[in-house]
> 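Sending over a structure as structure tokens; questions will come in a sec.
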Amino acid sequence: MSDRYEDSLLYRIRHSAAHVMAQAVLEFYPDTKYTIGPPVENGFYYDFEFSQPVVAEDLEKIEKRMRQIVAGQHKFEKKVISADEARQVFKDQPYKLELIDGLEKGGLDEYGNPLKEKPEISIYQHDKFTDLCRGPHVDTTKQINPSAFKLMSIAGAYWRGDEKNKMLTRIYGTAWEKPDELKNYLQMLEEAKKRDHRKLGKELEIFFFDDEVGPGLPLWMPNGTIIADELENLAKEMEANAGYQRVRTPNLTKEDLFLRSGHLPYYAESMYPPMELEGVKYYVKPMNCPMHHKIFGARPRSYRELPIRLAEYGTCYRYEKSGELFGLMRVRSMQMNDAHIYCSEEQFESEFMGVVGLYKKYFELFGIEKYVMRLSLHGKAGLGKKYVDNERLWIKTEDMVRRAMTNGNVPFVEVEDEAAFYGPKIDVQIWSAIGREFTLATNQVDFAVPERFDLKFVNKDGQEEIPLCIHRAPLSTHERMIGFLIEHYAGAFPVWLAPEQVRVIPITDGQNDYAAQLAAQLREAGVRVSADLGAERMNAKIRGAQLFKVPYMLVIGPNEAAAGVVSLRMRDGFQLNNMPVAEFMARVQEKISTRSSQL
RNA sequence: GCCGACGUAGCUCAAUCGGCAGAGCACCCGCCUUGUAAGCGGGCGGUUACGAGUUCGAUUCUCGUCGUCGGCUCCA
């Protein structure tokens with residue numbers, strides 16, 4: 001038995017639940033046009049075109065009716081029919097007719113993607129409901145547990161996922177084999193909400209957005225700035241060790257540069273509109289690469305210098321559409337852990353895998369385990385539009401990346417039509433707390449732009465050669481990385497990243513002097529520390545420190561002050577009483593300098 | 001950008017049918033002198049996102065704008 005989701009009982013339950021939902025919906029709204037309703041991760045959805053507005057409050061009655069239908073223990077019966085018979089069955093259903101046409105003529109699947117073989121056309125029937133469907137389904141509705149599914153939300157979705165098409169109404173549901181699994185899933189969603197970076201970011205005073213500043217333009221508060229600075233220090237250290245050189249470039253450039261780079265022809269949609277002064281157009285940069293290319297091209301280069309690795313934590317601006325913004329994970333101003341590696345074709349594999357190695361070091365340091373490396377390929381239809389129009393070079397560089405990853409024994413998946421406009425890339429996909437997928441790090445090959453910039457180096461034989469360029473951002477942008485890390489750690493950052501590492505808590509104001517002196521001593525040693533000298537009870541102060549997820553609390557009363565020691569309470573509740581100051585100092589410094597994940 | 005929902009104090013949330021806008025926390029001022037997640041009292045804080053409209057009267061109803069959220073599209 002295969003362990004593919006598509007072959008599982010759960011998949012069939014969800015697929016069947018989608019049909020049951022469609023039946024209930026059609027009973028309530030008989031002139032609804034129904035489209036497709038597949039299983040997805042954790043559940044299913046079905047897309048409808050309603051003739052009247054259907055809102056979230058309506059889900060309850062639909063769900064109730066679904067339970068009645070399920071209780072009827074109806075059989076799911078498959079029938080293979082001809083296209084013409086199918087047209088007869090669905091004569092009043094325009095979307096189904098379009099699907100039938102796709103299946104028959106173009107060999108298109110339900111999403112509009114081409115199929116290799118012409119599929120058979122089948123319908124599934126249960127109770128009084130018939131759907132065009134290739135299955136599979138459960139045998140009877142008896143297998144759908146009425147206490148293990150729930151309708152979740154209502155949303156808009158384009159027919160066939162194309163924004164040029166009509167917007168349909170999508171109803172999402174979740175379904176499981178057993179009621180307990182549903183309960184666990186709902187509980188998990190609640191937990192996820194608690195670690196949502198938008199909530200924690202505000203609570204922990206890391207960042208915020210202001211209406212007058214603008215959507216997608218985060219303001220970093222002191223706590224967030226510490227985290228960003230620490231990440232930057234980490235990157236600089238790692239990149240220095242890996243032979244990178246640092247550069248700095250302006251945030252603004254003339255139109256000419258982005259015409260040459262190809263950003264204006266291929267990327268203008270994501271760029272802020274130009275500002276014009278004295279008849280010259282200037283653009284805010286959406287990427288740093290064109291400037292780095294200029295630095296590479298500033299003087300003749302020899303093969304002896306290669307690879308040249310230029311790094312910059314560059315600030316870029318991209319005009320993301322308003323509905324696409326999402327907390328820190330999708331913003332309009334961002335600081336990228338950017339670098340461009342210029343190398344020869346022979347050097348490509350080791351350079352590319354060097355970057356992959358860097359990723360892995362970072363992921364190990366942060367304890368990031370749930371991620372997928374994705375080889376993002378071009379899409380044939382996008383050549384000349386989304387992608388540089390040179391299919392031969394696309395295929396060649398895609399092969400180079402594939403070979404490098406395979407040789408390096410790094411598992412990856414391949415996805416078409418996800419490349420950058422200038423070349424294929426390895427994207428590292430991660431998931432936000434609420435389950436949304438994002439590209440965190442990226443490692444891209446550029447076979448097109450160096451030529452446009454007339455970049456070259458002189459090889460051993462005295463001939464001019466065009467270098468390859470690798471664009472890479474293993475630590476992503478500060479925005480997405482920190483958004484991700486907030487959720488990854490649920491706000492409880494390791495000591496080296498924690499905005500406040502130690503909080504000194506005197507029990508009575510008789511220890512305020514000792515507390516202040518301790519804090520000064522720690523601060524002197526480079527530790528981020530504060531002393532809570534307020535008038536509250538010690539209990540309230542501890543609570544305050546816990547809520548801010550400060551890793552170490554030093555509780556000091558008359559005894560500690562007299563003995564010149566500290567009582568250490570850690571964020572996880574663990575206590576070590578009467579610790580000599582020097583011992584605590586050594587502990588903190590060790591955790592910081594090794595970037596330990598332990599307290 | 002598109003579909004839908006939402007927007008009340010710094011934060012979390014109340015306010016019946018359209019009838020004087022409220023609580024807790026935070027903040028400030030006192031009192032208490034405290035042993036590992038909230039001591040007590042008082043005070044400050046609002047153009048109910050913004051702009052129109054309906055009404056004797058709008059937080060409440062209607063329209064528009066802005067923003068946020070759930071998705072779609074798109075992406076580091």
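The shown structure was predicted, so the numbers you read here are calculated from the model rather than taken from an experiment. The analysis underlying the following values was restricted to heavy atoms, covering all of them including side chains, and did not include hydrogens, waters or symmetry mates. Convention: sequence-line order gives letters A, B, ...; per-chain numbering from 1.
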> Does A:Asp417 reach a base, just sugar-phosphate, or nothing at all? Heavy atoms under 4.0 Å.
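Counting heavy atoms under 4.0 Å across all strands, no contact is made by A:Asp417.
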> Look at A:Lys425 together with A:Glu418 and state whether they make a salt bridge at an N to O cut-off of under 4.0 Å.
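No.
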> Where along residues 43-53 of chain A does a heavy atom come under 4.0 Å from RNA chain B, residue by residue in number order?
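None - not one residue of the stretch has a heavy atom sitting under 4.0 Å from the strand.
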> Give A:Asn559 one of three labels, base, sugar-phosphate or nothing, depending on what nucleic acid heavy atoms sit under 4.0 Å from its own.
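Base, at least one base atom sits under 4.0 Å.
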> Below 4.0 angstrom, which residues in residues 536-554 of chain A have at least one non-hydrogen atom near RNA chain B?
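Heavy-atom contacts with RNA chain B come from A:Arg537, A:Met538, A:Asn539, A:Ala540, A:Ile542, A:Arg543, A:Gln546, A:Leu547.
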> Just to be sure I understand the rule, does A:Lys199 reach a base, reach only the sugar-phosphate, or reach nothing, if contact means heavy atoms closer than 4.0 Å?
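The residue A:Lys199 makes no contact with any strand.
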> Check every strand shown and say whether A:Ser476 touches a base, only sugar-phosphate, or nothing at a heavy-atom separation below 4.0 Å.
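Answer is sugar-phosphate: A:Ser476 comes under 4.0 Å of backbone atoms only.
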> Mind checking side chain to side chain contact (heavy atoms under 4.5 Å, CB included) for A:Leu26 and listing every partner two or more places apart, or none if nothing turns up?
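Side chain to side chain contact (heavy atoms under 4.5 Å, CB included) check on A:Leu26 returns A:Thr32, A:Tyr34, A:Phe129.
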> Tell me, please, the opening and closing nucleotides of RNA chain B, 5' to 3', among those with an atom under 4.0 angstrom from a non-hydrogen atom of chain A.
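Result: B:G1 to B:A76.
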> Could I get the full list of side chain to side chain contact (heavy atoms under 4.5 Å, CB included) partners for A:Pro580, not counting sequence neighbours?
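Testing A:Pro580 for side chain to side chain contact (heavy atoms under 4.5 Å, CB included), a comparison that skips the adjacent residues, returns A:Glu583.
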> For a quick check of understanding: with a heavy-atom distance under 4.0 Å over all strands, which category does A:Leu440 fall into, base, sugar-phosphate or nothing?
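Sugar-phosphate, backbone atoms only, no base.
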> Could you write out RNA chain B as a dot-bracket string, with dots for unpaired bases, | for bases paired across to another strand, and Watson-Crick or G-U pairs counted at under 3.5 Å?
(((((((..((((.....[..)))).(((((.......))))).....(((((..]....))))))))))))....
> So, do A:Trp431 and A:Tyr371 have ring centers that fall under 6.0 Å from each other?
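Between A:Trp431 and A:Tyr371, the centre distance exceeds or equals 6.0 Å.
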> Rounded to whole angstrom, note down the P distance from B:G22 over to B:U48.
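Straight-line distance between the two P atoms is 13 Å.
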> Using a 4.0 Å heavy-atom cut-off, does A:Val54 contact any base of the nucleic acid, only the sugar-phosphate backbone, or nothing at all?
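Answer is nothing: A:Val54 stays at 4.0 Å or more from every strand.
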> Does anything in residues 309-321 of chain A come within less than 4.0 Å of RNA chain B? Heavy atoms only, and list the residues if so.
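Heavy-atom cutoff 4.0 Å gives A:Arg318, A:Glu320, A:Lys321.
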> Which part of the nucleic acid does A:Met167 contact within heavy-atom distance under 4.0 Å: base, sugar-phosphate only, or nothing?
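Result for A:Met167 = base.
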> Taking only residues at least two apart or on different chains, which pairs with a member in residues 549-560 of chain A satisfy side-chain hydrogen bond (donor to acceptor under 3.5 Å, both in side chains)?
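Every pair satisfying side-chain hydrogen bond (donor to acceptor under 3.5 Å, both in side chains) with a residue in residues 549-560 of chain A: A:Glu560-A:Ser567.
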> Across the strands shown, which category fits A:Ser567 at heavy-atom distances under 4.0 angstrom: base, sugar-phosphate, nothing?
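Since a base atom lies under 4.0 Å of A:Ser567, the category is base.
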> Salt bridge (Lys or Arg N to Asp or Glu O under 4.0 Å) with A:Asp58: which residues, sequence neighbours excluded?
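Once residues adjacent in sequence are excluded, the partners of A:Asp58 under the salt bridge (Lys or Arg N to Asp or Glu O under 4.0 Å) criterion are A:Lys61.
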> Which residue pairs satisfy the side-chain hydrogen bond (donor to acceptor under 3.5 Å, both in side chains) criterion with at least one member in residues 482-492 of chain A, sequence neighbours excluded?
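Sorted result for residues 482-492 of chain A: A:His197-A:Glu487.
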> Does A:Arg246 pair with A:Glu239 as a salt bridge, N-O distance under 4.0 Å?
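Answer for the salt bridge query: yes.
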> What closest approach, in Å, do A:Met405 and A:Phe352 show between heavy atoms, and which atom pair accounts for it?
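Residues A:Met405 and A:Phe352, closest heavy atoms: SD-CE2, 4.1 Å.
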> Contact class for A:Arg472 (heavy atom, under 4.0 Å): base, sugar-phosphate, or nothing?
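Nothing, no heavy atom under 4.0 Å.
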> Can you sort out the partners of A:Ala155 under side chain to side chain contact (heavy atoms under 4.5 Å, CB included), two or more places apart, ordered by chain and number?
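Scan of A:Ala155 (side chain to side chain contact (heavy atoms under 4.5 Å, CB included), adjacent residues dropped) gives A:Tyr172.
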> Not counting sequence neighbours, which residues clear side chain to side chain contact (heavy atoms under 4.5 Å, CB included) with A:Leu576? List them please.
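Expected list: A:Leu568, A:Met570, A:Phe574, A:Met579, A:Arg587.
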> Which part of the nucleic acid, if any, lies within reach of A:Glu560 when heavy atoms closer than 4.0 Å are counted: base, sugar-phosphate only, or nothing?
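The residue A:Glu560 makes base contact.
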> May I ask you to say what A:Arg480 touches in the nucleic acid, namely base, sugar-phosphate or nothing, with a heavy-atom cut-off under 4.0 Å?
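Answer is base: heavy atoms of A:Arg480 come under 4.0 Å of a base.
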> Any side-chain to backbone donor/acceptor pair from A:Lys386 onto A:Tyr266? Under 3.5 Å, distance only.
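It does not hold such a pair.
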> Describe the nucleic acid contact of A:Ala155 in one word from base, sugar-phosphate, nothing, applying a heavy-atom distance below 4.0 Å.
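Base, at least one base heavy atom under 4.0 Å.
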> Base, sugar-phosphate alone, or nothing: which one does A:Ser322 contact when heavy atoms must sit under 4.0 Å apart?
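Contact class for A:Ser322: base.
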